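Per chain, numbering begins at 1; letters A, B, ... match sequence-line order. Note that the structure is predicted; figures quoted are calculated from it, not measured.
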Amino acid sequence: MRKVQIPISDDVVRSLEVGDPITLSGVMVTARDAAHKWLMDTFITHKREPQGDDLEVYEALKKLLNGGVIYHCGPVVSQTETGEYRFVAAGPTTSIREEPYQGDIMRHFNVKGVIGKGGMGAKTLQACQEVPGLYLHAVGGAASWLAQTVKRVLGVYKLEFGAPEAFWVIEVEDFPVVVTMDAGGNSLHAEIEARSAKVLEDLLSEETS
Amino acid sequence: MEHLKEPLIELIRLAATNLPPDVEKSLRQALEREEPGSAAYGALETILKNVELSRRRSTPICQDTGTPIFYVYHPEGWSTRKLRQVIQEAVAEATRRSYLRPNSVDSLTDKNTGNNLGDDHFPTIHFEEVDGDTLTVDLMLKGGGCENVGAQYSLPARVGGGVPAGRDLEGVRRAVLDAVQKAQGQGCSPGILGVAIGGDRGSAYYASKEVLFRKMDEPNPDPQLAEMEERITEEANQLGIGPMGFGGNTTVLGTKITGLHRLPASYFVTISYMCWAYRRRRMIWKDGQVTYE
Ligand code: SF4
């Protein structure tokens with residue numbers, strides 16, 4: 001399996017195609033519904049004014065996400081007696097909920113990879129071609145295994161969103177994913193859906209013997 | 001009933017953290033059918049490593065520990081009100097011990113109760129009185145992702161882009177294959193299909209889950225349904241959706257079908273889709289001794 005280091009260069013992004021299984025190592029940031037909405041409203045559409053530590057978090061995220069990776073995950077996190085965080089369960093959550101935001105966030109921050117499950121829609125696929133970037137599918141349900149690829153929790157922002165919704169900055173080693181949307185505009189989800197629809201048609205035209 | 005609390009907590013722990021051997025075996029067989037190095041192979045490998053790790057560390061196999069669904073078979077004269085109470089206590093305690101994630105949300109206020117208790121339907125508990133003096137408690141944890149791709153067809157209907165599905169076994173086959181194609185990888189395939197033919201809309205979903213308690217390699221007692229189960233599994237796998245929808249040879253690990261009486265006017269085909277994290281366990285209580293399956 002090909003090993004890919006984060007931050008990911010444009011050349012590496014362009015060399016990957018749908019169906020490629022890879023492993024990721026480096027620093028990534030978790031984000032789900034609340035985090036995406038906050039980024040969008042505060043820094044992209046400017047629907048709300050930055051307040052509190054918003055600008056500080058923004059500056060930190062700009063560095064982390066430039067060439068970086070967003071992971072759609074609401075982890076279960078434990079804290080040791082010394083105050084250190086540890087990921088206990090960290091499977092992917094359904095990505096399509098972030099479809100209204102994802103493309104704009106990828107462009108704004110130069111995000112090279114988005115990890116989740118279930119695939120995303122046309123707007124994100126368009127951004128994958130422009131940025132260029134990738135949608136990476138993790139194994140749904142493999143919460144314990146994926147948590148153990150998280151070697152260190154480097155920090156957390158916006159914990160007030162609740163632990164599952166906060167931005168967790170994590171260092172991973174050999175995190176397994178499959179490229180299912182690529183910079184060439186291909187979507188494995190669309191391909192498999194079309195192919196299986198064709199097979200279904202054939203199966204349904206056969207009568208019971 | 002208090003004495004049943006700890007044994008019930010253990011039942012929940014087992015279900016959440018220790019995948020049943022027949023399911024794991026079936027996942028291993030699926031791995032052998034995939035091409036080493038392919039995306040499908042990698043997904044199954046990760047799933048199997050995850051299963052081992054969860055068992056060893058006693059942590060939830062998947063972070064979505066789902067709706068706890070209990071089927072309680074109790075001897076004559078037992079109070080179901082008290083049984084319900086001790087089951088609810090065990091669920092709350094198992095949540096406190098992190099075997100279960102807090103999953104019970106009030107649909108009107110959006111508030112999570114934090115302990116997996118809600119109204120009389122969360123956790124879901126079904127009671128049935130049986131002969132003899134043995135208490136049997138079956139527990140299934142049904143995740144949300146796969147529950148969302150379950151489906152119910154009222155036959156006759158048009159499926160798969162316009163093909164008619166009529167009120168017979170051929171219609172059933174067409175409806176089930178249509179549901180599998182629509183689900184793609186969204187229910188965390190490879191899945192297991194629980195299918196109920198007939199009933200009404202409510203009883204049929206109930207039966208489509210109950211039938212999932214049959215073991216993977218347990219053939220259907222009805223030879224005609226046994227044949228249909230094999231055929232649907234085989235044909236669903238021809239769809240090529242594969243683990244997680246990555247493409248591959250295993251989309252479905254097995255199919256379990258049951259038939260219910262129905263009104264002459266209705267003919268439902270009801271499919272409960274169970275993800276690979278097929279968490280089900282049984283507790284048997286007899287003469288003060290507890291055993292688990
Ligand atoms: S469908 Fe099953 S394996 Fe997938 S996230 Fe839900 S409970 Fe976990």
Problem - Side chains of B:L27 and B:P190 in contact at under 4.5 Å (non-hydrogen atoms) - result: yes
Completion exercise
From the list A:E193, A:M1, A:K198, the residue making the most non-hydrogen contacts under 4.5 Å with chain B is A:E193
Practice task
Quick one: which of A:A89, A:A142, A:P21 has the most heavy-atom pairs under 4.5 Å with chain B, could you say?
Solution key: A:A142
Exercise for the section: Quick one: sort the A:H137 and A:H189 rings into parallel, tilted or perpendicular, breaks at 30° and 60°. Expected result: tilted
Handout entry: Salt bridge B:E235-B:R173, side-chain N to carboxylate O under 4.0 Å
Key = yes
Exercise for the section: Pick one of side chain, backbone, both or neither for B:R57, based on which atoms fall under 4.5 Å of a heavy atom in chain A. Expected result: side chain
Handout entry: side-chain contact (heavy atoms from CB on, under 4.5 Å) evaluation trace for A:Y85 with A:W168
Key = CA-CA 10 Å; A:Y85 290 112; A:W168 291 92; 3.7 Å; yes
Handout entry: Contact origin within A:L188 toward chain B - heavy atom pairs under 4.5 Å
Key = side chain
Handout entry: Ion pair check, A:K123 and A:D104, cut-off under 4.0 Å
Key = no
Handout entry: Interface moiety of A:A147 toward chain B, non-hydrogen atoms closer than 4.5 Å
Key = neither
Practice task
Please state whether the side chain, the backbone, both or neither of B:A43 comes within less than 4.5 Å of a heavy atom of chain A.
Solution key: both
Practice task
Measure up the A:Y71 and A:F175 rings against each other and bin them: parallel (under 30°), tilted (30 to 60°), perpendicular (over 60°).
Solution key: perpendicular
Exercise for the section: For the residue pair B:N103 and B:D64, confirm or rule out a side-chain donor-acceptor distance under 3.5 Å. Expected result: yes
Practice task
With a 4.5 angstrom heavy-atom cut-off, could you sort out which part of B:P60 is near chain A: side chain, backbone, both or neither?
Solution key: backbone
Handout entry: Region of B:D178 that comes under 4.5 Å of a non-hydrogen atom in chain A
Key = both
Handout entry: Contact origin within A:P92 toward chain B - heavy atom pairs under 4.5 Å
Key = backbone
Problem - Pair A:W38 + A:F167: ring centers closer than 6.0 Å - result: yes
Problem - Heavy-atom pair count under 4.5 Å with chain A, highest-scoring of B:V163, B:I47, B:T46 - result: B:T46
Completion exercise
Honestly, the part of B:Q184 sitting under 4.5 Å from a heavy atom of chain A is side chain
Handout entry: Part of B:V180 within contact of chain A (heavy atom distance under 4.5 Å)
Key = neither
Problem - Residue list, salt bridge (Lys or Arg N to Asp or Glu O under 4.0 Å) with A:R97, at least two apart or on another chain - result: A:D33
Exercise for the section: Below 4.5 Å from any heavy atom of chain B, which atoms of A:Q148 appear? Answer side chain, backbone, both or neither. Expected result: side chain
Handout entry: Contacting moiety of B:S38, where chain A heavy atoms sit under 4.5 Å
Key = backbone
